[in-house]
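One structure is given here, and the rest of the page talks about it.
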Amino acid sequence: MHPDQLQVTTRVAADLIGSQFPQYAELRVTPVRTPGTVNAIFRIGARLAARFPLLPGDVDRVRHRLEREASAARLLLGRTRFPVPEPVEIGEPGGGYPLPWSIQTWLPGVTADAAHASCCRLAHDVAELIRGVRAIDLDGRTFEGEGRGGDFRSHDEWVETCLERSTHLVDVDSLQAIWARLRSLPRAAPDVMTHGDLIPANLLVSGGRLSGVLDVGGLGPADPALDLVAAWHVFDADRRQILRDRLGCDRVAWERGKAWALQQAIGLVWYYVESNPPMSQMGRATLERIVRDEARFRAKCQIAEVLHPVSVELSHDPC
């Protein structure tokens, strides 16, 4: 998936697990096929999983990131009724693999996909998850100033680059106009705790209900609208409305969530079009939802302008 991606075979994974953590040496190690893009994942028996970072990096920085991911998981454990993987061990480089790696508990379930777009119960559950994460005390922490969750305009160059590389894949003209409108939406709410990456691959589903949440290492303070990306990545229009109603989002906050979903999805489409088609298709599906929603939004604005031209002109709340 990445030009400089590390290769991790089952043999290498099993040797590292057995040599560094002998208590697991007799357990079967099997690779897991996932749409994820950051780690190679291997089951260890029935209850554990090992995660090996795929991108090269500085050993100390990678270890620090893994330790931070473990701390985030411990912070989130028990704060909602939805399970998250529990940190178990952090392994060291060896056996031809150059980076630290981790072991955590395995959660059953399937990742959300197109079949769950119309699932009402899942929409209620995701709203409950977001509320629960938002309720975690920031304890003086603020947004760190990197990645999604801060100022839209700091992502202008990235969005423009992605649009240029996606001309044969998506409706670039429409998306460019949508980003131009959304990037200037004001933000009134302070930082809250967010998961930071509520894409379908990080939401486990069982029987139409949310059964677990993955990749919690990005847990941290950010724009409250950031976790609203789940609405656009996962659900159809009616289920998005359920999530919005449950969270009590006003129009500006809701549109800001749409902006973060666009910023994330536009990078997935072209980057993974050949190396990870399911991830690329997820991005395209999100952008298609955004384009359709924008068409309804513009139609509503046109009607409002005809009926109430003065109030629309003076309002800071988009239509």
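Environment of CZ in R296: crowded, with over 12 heavy atoms of neighbouring residues, nucleotides or ligands closer than 6.0 Å. Heavy-atom contacts from other residues, nucleotides or ligands closer than 6.0 Å to CD of Q23 number more than 12. Around atom CZ of R11, no more than 12 heavy atoms belonging to other residues, nucleotides or ligands sit under 6.0 Å away.
At a threshold of 4.5 Å between side-chain heavy atoms, the hydrophobic network of Ile, Leu, Val, Met, Phe, Trp and Tyr places M279 and L204 in two separate groups. Connection of L27 to I17 is established within a shared hydrophobic cluster, with ILVMFWY side chains joined at heavy-atom distances below 4.5 Å, either directly or through further cluster members. Linking Ile, Leu, Val, Met, Phe, Trp and Tyr whenever their side-chain heavy atoms come within less than 4.5 Å leaves V216 and L107 in two separate clusters. Note on V172: it clusters hydrophobically with L287, by side-chain heavy-atom contacts below 4.5 Å among ILVMFWY residues. L262 is connected to Y271 through a chain of hydrophobic side-chain contacts under 4.5 Å among Ile, Leu, Val, Met, Phe, Trp and Tyr, so both are in one cluster.
Between the CD1 atom in I199 and the OG1 atom in T286 there is a gap of 9.5 Å [rounded to 0.5 Å]. Atom OG1 of T80 sits about 11.0 Å away from atom CZ of R131, to the nearest 0.5 Å. Here the CG-CZ distance, from N39 to R51, works out to 4.0 Å after rounding to the nearest 0.5 Å. Of the inter-residue distances, the one linking Q241 atom CD with L243 atom CG reads 9.5 Å to the nearest 0.5 angstrom. A distance of 11.0 Å separates CG in L163 from OG in S174, rounded to the nearest 0.5 Å. The line from CD of Q263 to OG of S154 is 8.0 Å long, rounded to the nearest 0.5 Å.
Cation-pi geometry between R47 and W106 is not satisfied (NZ or CZ under 6.0 Å from the ring centre, within 45° of the ring normal).
Listed for the R256 side chain is a donor-acceptor partner under 3.5 Å among the backbone atoms of L185. Side chain of N202 to main chain of V213: no donor-acceptor pair is present (N/O by atom type, distance under 3.5 Å, no hydrogens or angles). D223 places no side-chain N or O within donor-acceptor distance of the main-chain N or O of L226, the cut-off being under 3.5 Å. Judged purely by atom type and a 3.5 angstrom limit, H195 has no side-chain atom pairing as donor or acceptor with the backbone of L129. In terms of modelled atom types and a separation under 3.5 Å, the side chain of R121 and the main chain of R209 share no donor-acceptor contact. Looking only at distances, no side-chain donor or acceptor of D227 sits under 3.5 Å from a matching main-chain atom of T194. The main-chain N or O of W270 is never found under 3.5 Å from a side-chain atom of R165 such that the two would form a donor-acceptor pair. Between the T9 side chain and the V12 main chain, a donor and an acceptor come within less than 3.5 Å of each other. In terms of modelled atom types and a separation under 3.5 Å, the side chain of S280 and the main chain of N276 share no donor-acceptor contact. The backbone N or O of D113 sits less than 3.5 Å from a side-chain atom of H116, completing a donor-acceptor pair.
Here R81 pairs with D125 in a salt bridge; the nearest charged N to carboxylate O distance falls below 4.0 Å. A salt bridge links E255 with K258: the distance from a Lys NZ or Arg NE/NH1/NH2 to an Asp or Glu carboxylate oxygen falls below 4.0 Å. With respect to D156 and R153, no salt bridge is recorded, no charged nitrogen being found less than 4.0 Å from a carboxylate O. Using a cut-off of 4.0 Å between Lys/Arg side-chain N and Asp/Glu carboxylate O, E86 and R74 are scored as not salt-bridged. For the pair D197 and R148, the salt-bridge criterion is met [side-chain N within less than 4.0 Å of a carboxylate O].
Residues Y24 and I44 approach most closely at CB-CG2, 4.1 Å, considering heavy atoms. Heavy-atom minimum distance, L214 versus A201: CD1-O, 3.7 Å. Taking every heavy atom of both residues into account, C120 and I242 meet most closely at SG-CD1, 3.8 Å. Between V229 and A261, the shortest heavy-atom contact is CG1-N, 3.4 Å. Pairing each heavy atom of R240 with each of W254, the nearest pair is O-CH2, 3.4 Å. When every heavy atom of P108 is checked against every heavy atom of S211, the shortest pair comes out as O-OG, 3.8 Å.
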*asked:* Run D137 and R141 through salt bridge (Lys or Arg N to Asp or Glu O under 4.0 Å) and show every step you take.
replied: CA-CA 9 Å; D137 192 343; R141 289 168 291 190; over 6 Å; no
*side chain to side chain contact (heavy atoms under 4.5 Å, CB included) assessment of V32 paired with F42*: CA-CA 5 Å; V32 178; F42 296 84; 5.7 Å; no
*asked:* If you apply the rule ring pair (Phe, Tyr, Trp, His ring centres under 6.0 Å), what do you find for H233 with W260, and how did you get there?
replied: CA-CA 11 Å; H233 289 325; W260 288 124; over 10 Å; no
*Give the C-alpha distance, both sets of side-chain angles, the deciding distance and a yes or no for side chain to side chain contact (heavy atoms under 4.5 Å, CB included) between V234 and V126.*
CA-CA 10 Å; V234 180; V126 172; over 6 Å; no
_side-chain hydrogen bond (donor to acceptor under 3.5 Å, both in side chains) for Q176 and E160? Distances and angles first, verdict last._
CA-CA 8 Å; Q176 196 164 38; E160 188 61 32; 3.2 Å; yes
*Using the salt bridge (Lys or Arg N to Asp or Glu O under 4.0 Å) rule, take R68 and E144 through it: C-alpha gap first, then chi angles, then the decisive distance, then the call.*
CA-CA 14 Å; R68 177 176 173 175; E144 294 184 348; 3.3 Å; yes
*Kindly determine whether V269 and C162 satisfy side chain to side chain contact (heavy atoms under 4.5 Å, CB included), including the steps that lead there.*
CA-CA 8 Å; V269 174; C162 292; over 6 Å; no
*Begin with the C-alpha distance, continue with both residues' side-chain angles, and end with the deciding distance and a verdict on side chain to side chain contact (heavy atoms under 4.5 Å, CB included) for L203 and T111.*
CA-CA 6 Å; L203 299 174; T111 54; over 6 Å; no
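For the pair M193/L75, a side-chain contact is recorded, criterion being any heavy-atom separation below 4.5 Å from C-beta on. The closest side-chain heavy-atom distance from E128 to F82 is below 4.5 Å. You'll find the side chain of P53 stays beyond 4.5 Å of the side chain of L6, heavy atoms only. Side-chain contact between V192 and P224 is present, with at least one heavy-atom pair separated by less than 4.5 Å. Looking at P93 and P100, their side chains come closer than 4.5 Å, going by heavy atoms from C-beta outward. The side-chain heavy atoms of V291 and E294, taken from C-beta on, include no pair separated by under 4.5 Å. In this structure the side chain of R251 reaches within 4.5 angstrom of the side chain of R244, judged on heavy atoms. Proximity of R134 to L247: side-chain heavy atoms (C-beta onward) are separated by under 4.5 Å at one or more points.
For the residue pair E89 / Q20, no side-chain donor-acceptor distance below 3.5 Å is found, with atom types taken as modelled.
Using bins of under 30°, 30° to 60° and over 60° for the plane-to-plane angle, the ring pair W101/F52 lands in the parallel bin. The aromatic rings of W179 and F152 sit perpendicular, their planes meeting at an angle over 60°, well past the 30° parallel limit.
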